[in-house]
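In this text the structure is predicted, and so the values were computed from the model without any measurement.
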Amino acid sequence: MAHWVVLAQFGHGDQYRSEEAARFECTPDEARARLYELACTHRPRHGLRQKRP
């Protein structure tokens with residue numbers, strides 16, 4: 001089985017930061033399913049800021 005690490009990157013302009021969202025060991029098909037689940041449910045530690053247009 002392969003080792004997988006999912007990183008989430010946040011930022012704008014020239015300033016970005018990355019944080020580890022998950023780490024697991026599984027097959028590529030299982031990893032794809034977990035990635036989809038994380039993409040739907042992950043929330044950043046510091047929260048999101050909403051900007052008005």
| side-chain hydrogen bond (donor to acceptor under 3.5 Å, both in side chains) against Glu37, all qualifying residues, sequence neighbours excluded | none

| Is Glu25 atom CD crowded by more than 12 heavy atoms from other residues, nucleotides or ligands, each under 6.0 Å away? | yes

| query | Considering all heavy atoms of both residues, which atom of Leu38 and which atom of Ala21 are nearest to each other, and what is their separation? | reply | CD2-O, 4.4 Å

| Just by modelled atom types, is the Cys26 backbone N or O under 3.5 Å from a matching donor or acceptor in the Trp4 side chain? | yes

| Residues in side-chain contact (heavy atoms from CB on, under 4.5 Å) contact with Gln9, at least two apart in sequence or another chain | Tyr16, Ser18

| task | Would you sort out whether Phe24 and Val6 count as a side chain to side chain contact (heavy atoms under 4.5 Å, CB included), showing the intermediate values? | result | CA-CA 9 Å; Phe24 44 86; Val6 178; 4.0 Å; yes

| Where do Glu20 and Val5 land on the side chain to side chain contact (heavy atoms under 4.5 Å, CB included) test, with the steps shown first? | CA-CA 7 Å; Glu20 185 176 310; Val5 177; 4.0 Å; yes

| query | Ignoring hydrogens and geometry, is there a side-chain-to-backbone donor-acceptor pair from Glu30 to Thr27 under 3.5 Å? | reply | yes

| Residues in side-chain hydrogen bond (donor to acceptor under 3.5 Å, both in side chains) contact with Arg32, at least two apart in sequence or another chain | Asp29

